[in-house]
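Shown next, in structure tokens, is the structure this report addresses.
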Amino acid sequence: MTTPLPRRRVFTPGPGFWVWLVLAAAAVVISQALRSTVSAMLLWFVLLFLPAALIYVFVGYFGLRVYVNADKTRAEKGSTLSYDVNVINPTPLCFPIVEAAVSVPQPDGVRCTAQRLVLCLFPFGNYELRHDVTFRYRGMYDIGVDCIYVTDMFHMFRIRRDEELFHTVLVFPRRLAMEKDADAAVSDDVPSAVIRPVREQSASEVGNVREYRAGDLIRSIHWKLSAKSEDFLVKEYFSDRDRSVYILCDYSGAQQPAVTETEPVKTEDKPEKEKKRMLSPDGQRLRGKEARAAKKAEREARRRARALGTLAASPDNADDSDGRFVTPAFRSEIDEYCADGIAEIAASAVVRELLAGNTCKLVWYDVRREDAPLRLVELSDLADLDAVWDDFVTTPAADSEHGVALLASRIEESMNVTVRVCTARLDDGTLDAVAAIPASLGGAGSGCHAEVLLFNPEEKYDSIYARRHFVSSCREKLREGGVAVREVHEVHASDGRGSFSFR
């Protein structure tokens with residue numbers, strides 16, 4: 001989505017109009033003073049200049065033509081799209097000042113931006129804006145012309161003509177598979193309304209006896225029948241409990257700490273910087289050559305530590321970062337980057353559950369829907385996912401107020417619930433909202449399971465070591481509340497196809 005530029009008034013007198021008023025007044029005075037043929041002709045010339053200018057701009061208003069073309073309106077991210085914007089002048093008049101408020105993609109393909117182009121159209125001429133762009137992230141991109149402004153040659157009048165001619169291009173993410181992982185099994189052993197075997201004995205009934213297979217629990221062995229047989233036999237349990245699987249897709253991007261901008265410190269209140277003192281092993285202060293040699297040895301040791309990757313993130317090291325600051329070169333697009341990764345992870349998690357025979361409830365916030373932006377869609381098969389695919393994966397990035405806390409409010413059940421939170425945020429508000437999910441659903445004893453599928457682009461942060469330390473501390477905090485955190489990263493296969501794996 002692109003926010004268009006503010007529109008100016010439909011009809012506006014320009015600076016030339018005020019000059020004309022002065023000239024008209026002067027022509028009236030001169031004609032009355034001289035009362036000659038020349039002064040009368042001058043007066044009529046000045047007076048007729050106004051309707052001529054009006055006719056001029058109205059010819060441009062009705063005569064100019066605008067066309068917008070795009071070779072496709074649906075594409076996968078990374079593919080190239082060609083578009084062109086044409087403004088044609090089919091009249092024999094010259095329009096040296098025509099402004100066009102357009103929405104076109106940025107050269108880097110991150111987003112579309114609203115721009116105002118100033119054109120000069122010769123008689124029977126045209127202006128063509130043609131480019132090829134590669135969209136790096138999924139989303140919805142509006143390419144087109146919002147309105148044009150026509151001005152006469154002497155800047156007497158400017159008139160606006162609304163076009164609202166746009167081509168909406170839907171850029172979709174990749175459909176990547178999510179690898180199976182024993183610690184992150186789908187639905188946590190119980191599907192929805194379908195009766196399936198489980199490995200735990202609580203609240204279940206024995207449904208069958210079979211031969212022992214690798215991975216079966218020791219306590220499930222049927223010892224009496226195994227004693228009569230040559231092989232181990234295990235009891236297979238079935239459960240008829242329904243379990244709801246919620247996928248919360250947090251499009252609010254990565255957090256931007258409020259402390260990124262600090263207030264300037266007054267020079268008169270700033271204390272004098274204290275020099276670092278080098279001390280010997282016995283606590284004596286080193287001076288001169290000994291101090292310089294000690295500093296050089298310390299710098300060399302820190303350099304070797306960084307080269308070996310053994311320097312941990314702490315407030316005392318040279319990488320003075322708390323793991324939340326994105327590199328300056330990437331801050332302008334971090335929200336689009338994270339929303340792109342979250343869309344792919346959430347889609348993969350949904351497909352993984354559906355292929356396992358589970359029914360999912362997908363929750364996300366769509367800022368484009370003013371009436372009901374908080375979406376909840378129940379999916380029972382891949383056809384249901386295809387029905388909402390266009391809206392779901394092209395949802396724009398949201399702000400921090402529409403994060404996990406708002407999404408979790410749509411969870412209706414309080415027993416036997418699995419909640420998977422797909423997010424890239426680890427700020428205090430998100431951590432508190434995630435940690436409160438198990439307690440709000442009755443706790444772990446009621447069959448609730450909550451986990452975070454974390455999209456963590458650590459290479460985009462100021463310090464990778466500080467970021468890893470920060471994520472580790474967040475993981476420990478959530479673990480205390482009964483919430484598991486699994487980092488999801490992409491694995492590239494030899495055949496060129498990627499998939500998601502857990503870290």
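Here the closest non-hydrogen pair linking Leu354 and Asn358 is CD2-O, 3.4 Å. Taking all atoms of both residues into account, the shortest heavy-atom contact from Cys249 to Leu407 is O-CD1, 3.3 Å. Of all the heavy atoms in Leu431 and Cys474, the pair that sits closest is CD1-SG, 3.7 Å. For Ala424 against Leu454, the heavy-atom pair with the smallest separation is CA-CD1, 4.1 Å. Residues Tyr137 and Tyr141 approach most closely at O-OH, 2.8 Å, considering heavy atoms. Considering all non-hydrogen atoms of both residues, Tyr251 and Pro396 come closest at CB-O, 4.1 Å.
Residues Tyr83 and Asn69 fail the side-chain proximity criterion, which asks for heavy atoms closer than 4.5 Å. Contact check for Val19 versus His155: no side-chain heavy atoms found under the 4.5 Å cut-off. With a 4.5 Å cut-off on side-chain heavy atoms, Leu64 and Leu121 count as touching. In this structure, Val485 and Leu453 have side chains that are not in contact, with every pair of non-hydrogen atoms separated by 4.5 Å or more. The shortest distance between side-chain heavy atoms of Ser103 and Ile143 does not fall below 4.5 Å. Residues Tyr246 and Cys360 have side chains not in contact (no heavy-atom distance under 4.5 Å, counting atoms from C-beta outward). For the pair Lys72 and Ser79, the minimum side-chain heavy-atom distance is below 4.5 Å. No side-chain heavy atom of Arg467 sits less than 4.5 Å from a side-chain heavy atom of Phe325.
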Handout entry: Val367/Asp399 under side-chain contact (heavy atoms from CB on, under 4.5 Å): CA gap, chis, key distance, verdict
Key = CA-CA 9 Å; Val367 69; Asp399 53 30; over 6 Å; no
Exercise for the section: Let me see the working for Phe392 and Leu362 under side-chain contact (heavy atoms from CB on, under 4.5 Å), right down to the final yes or no. Expected result: CA-CA 9 Å; Phe392 168 60; Leu362 180 62; 3.8 Å; yes
Practice task
Start with the C-alpha distance between Glu99 and Arg8, add both sets of side-chain angles, then the distance that settles salt bridge (charged side-chain N to carboxylate O under 4.0 Å, His left out), and finish with yes or no.
Solution key: CA-CA 11 Å; Glu99 299 179 52; Arg8 301 169 181 172; 3.2 Å; yes
Practice task
Take Leu170 and Thr73 through the test side-chain contact (heavy atoms from CB on, under 4.5 Å) and record every step on the way to the result.
Solution key: CA-CA 6 Å; Leu170 300 180; Thr73 58; over 6 Å; no
Problem - salt bridge (charged side-chain N to carboxylate O under 4.0 Å, His left out) between Arg136 and Asp340, worked out - result: CA-CA 9 Å; Arg136 296 161 55 192; Asp340 184 83; over 6 Å; no
Practice task
Could you go through the side-chain contact (heavy atoms from CB on, under 4.5 Å) check for Val419 and Val483 one step at a time?
Solution key: CA-CA 10 Å; Val419 180; Val483 181; over 6 Å; no
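Thr113 and Gln115 share a donor-acceptor pair across their side chains, judged by distance under 3.5 Å alone. Defined by atom type and a distance below 3.5 Å, a donor-acceptor pair is present between the side-chain atoms of Thr394 and Arg368. Using modelled atom types, one finds a donor on one side chain and an acceptor on the other under 3.5 Å when comparing Thr168 with Asp142. Side chains of Thr134 and Thr80: a donor-acceptor N/O pair is present below 3.5 angstrom, by distance only.
A salt bridge links Asp432 to Lys477: at least one charged side-chain nitrogen sits closer than 4.0 Å to a carboxylate oxygen. Note on Glu164 versus Arg7: salt bridge recorded, some NZ/NE/NH1/NH2 to OD/OE distance being below 4.0 Å. No salt bridge links Lys460 with Glu333; every basic N to acidic carboxylate O contact stays at or beyond 4.0 Å. The pair Asp162-Arg160 counts as a salt bridge, with a side-chain nitrogen and a carboxylate oxygen less than 4.0 angstrom apart. Ion pair Glu76/Arg138 not flagged as a salt bridge, since none of the NZ, NE, NH1 or NH2 atoms sits closer than 4.0 Å to an Asp/Glu carboxylate oxygen.
Here OH of Tyr67 is found 12.0 Å from CG of Asp84. Values are rounded to the nearest 0.5 Å. In this structure, Leu248 CG and Thr423 OG1 are separated by 10.0 Å, a value rounded to the nearest 0.5 Å. The CG atom of Leu129 lies 9.0 Å from the CG atom of Leu119; values are rounded to the nearest 0.5 Å. Residue Ser332 holds its OG atom at 7.5 Å from CG of Asp108, rounded to the nearest 0.5 Å. Distance check: Ile97 CD1 to Asp152 CG gives 8.0 Å after rounding to the nearest 0.5 Å. A distance of 9.5 Å separates CE of Met178 from CD of Glu353, quoted to the nearest 0.5 Å.
Side-chain atoms of Arg425 come within 3.5 Å of backbone N or O of Ser252 as a donor-acceptor pair. Of the possible donor and acceptor atoms, none in the side chain of Arg420 sits under 3.5 Å from a partner among the backbone N and O of Thr418. At least one donor-acceptor pair under 3.5 Å links the side chain of His167 to the backbone N or O of Val68. Listed for the Thr430 side chain is no donor-acceptor partner under 3.5 Å among the backbone atoms of Leu426. Under the 3.5 Å distance criterion, the side-chain polar atoms of Trp20 are left unmatched by any main-chain donor or acceptor of Phe49. Between the side chain of Ser348 and the backbone N or O of Leu176 there is at least one donor-acceptor pair closer than 3.5 Å. One N or O on the side chain of Asp381 and one on the backbone of Asp384 form a donor-acceptor pair closer than 3.5 Å. A donor-acceptor pair under 3.5 Å is formed between the side chain of Asp71 and the backbone N or O of Ser82. Side-chain N or O atoms of Arg410 include one that pairs as donor or acceptor with a backbone N or O of Leu374 at under 3.5 Å.
Under the 6.0 Å distance and 45° angle rule, Arg175 counts as a cation-pi partner of Trp389. Annotation: cation-pi geometry not satisfied between Lys77 and Phe172 (NZ/CZ under 6.0 angstrom from ring centroid, within 45° of ring axis).
Enclosure of atom CD in Glu128 by more than 12 non-hydrogen atoms of other residues, nucleotides or ligands within 6.0 angstrom is indicated. Within 6.0 Å of CZ on Phe45 lie no more than 12 heavy atoms contributed by other residues, nucleotides or ligands. Atom CZ of Phe11 has more than 12 heavy atoms from other residues, nucleotides or ligands within 6.0 Å. A 6.0 Å sphere centred on CD of Glu370 holds no more than 12 heavy atoms belonging to other residues, nucleotides or ligands.
Here Tyr337 and Phe455 bring their ring centres to under 6.0 angstrom of each other. When ring centroids are compared, Phe17 and Phe157 come within the 6.0 Å threshold.
When each of Val388, Val363, Asp391 is tested with Val377 by the rule side chain to side chain contact (heavy atoms under 4.5 Å, CB included), just one qualifies, namely Val388.
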